[in-house]
Structures are given as structure tokens and as C-alpha cells.
Amino acid sequence: MMMGYGFGGPWGVVGMGISFIVHGLFLFLLILAAIWLFRQVFRKDGDGEATALEILKRRYAGGEIDQAEYERMKLVLRNPG
């Protein structure tokens, strides 16, 4: 007859449970990091999220639209509907 604890000692089952939790948490964080990286790489606007008004200001500053069109669009953005 063998003497001893068996199955890895007195902390065998508990240690295995803790190991599963730690590995699961690591895998969860790894998946979150992959999602974050994917969103950063494939983001449509290269310099971050821009509001419609910021885009309108850039278009006016770049000469794509004139002042009258800028003012009209700004009014529409501030009072939609």
C-alpha cells in the first residue's frame, strides 16, 4: 500500500483549478489584445475618431468647399432634422 497524498500532493486539485483560471485569464487577455490590435490596424480614419464638424472644418480649410457651403452644412449639423 502506498502512503502519501496522491494526485500531486495536498494542493493537487486546488493547484490545477488555479492553473485553469490563470490560463483562462491569460487567453482572455490575449484575445482582447488581438481585437484591439485589429481595430487599430484597420481603423478607417487614420488619425482617430473625427466628428462630422471636425471633418467639415478640414474640408473648408483644405479648400474643398467655400464659406457659404461651410456655413450651410454647419447649420445642418447643429440642427439636424
S.K.: Please name all residues satisfying side chain to side chain donor-acceptor pair (under 3.5 Å) with Q67, sequence neighbours left out, ordered by chain then number.
M.R.: none
S.K.: Supply the atom-to-atom distance R59 CZ to Y70 OH, rounded to the nearest 0.5 angstrom.
M.R.: 12.0 Å
S.K.: Return the set of residues passing ring pair (Phe, Tyr, Trp, His ring centres under 6.0 Å) with F38 (not counting sequence neighbours), or none when no residue passes.
M.R.: F42
S.K.: Please enumerate all residues that pass side chain to side chain donor-acceptor pair (under 3.5 Å) together with R72, with sequence neighbours excluded.
M.R.: none
S.K.: Using residues 22-35 as the side-chain source, report each donor-acceptor pair under 3.5 Å to any protein atom, sequence neighbours left out, with the distance given to one decimal.
M.R.:
from : atom 1 : to  : atom 2 : distance (Å)
H23  : ND1    : S19 : O      : 2.7
H23  : ND1    : S19 : OG     : 3.1

S.K.: Output all residues satisfying salt bridge (charged side-chain N to carboxylate O under 4.0 Å, His left out) with E71, sequence neighbours left out; order by chain, then residue number.
M.R.: K74
S.K.: About how many Å separate CD of E69 and CD of E64, when rounded to the nearest 0.5 Å?
M.R.: 10.0 Å
S.K.: Search all heavy atoms of I65 against all heavy atoms of Y60 and return the closest pair with its distance.
M.R.: O-CD1, 3.6 Å
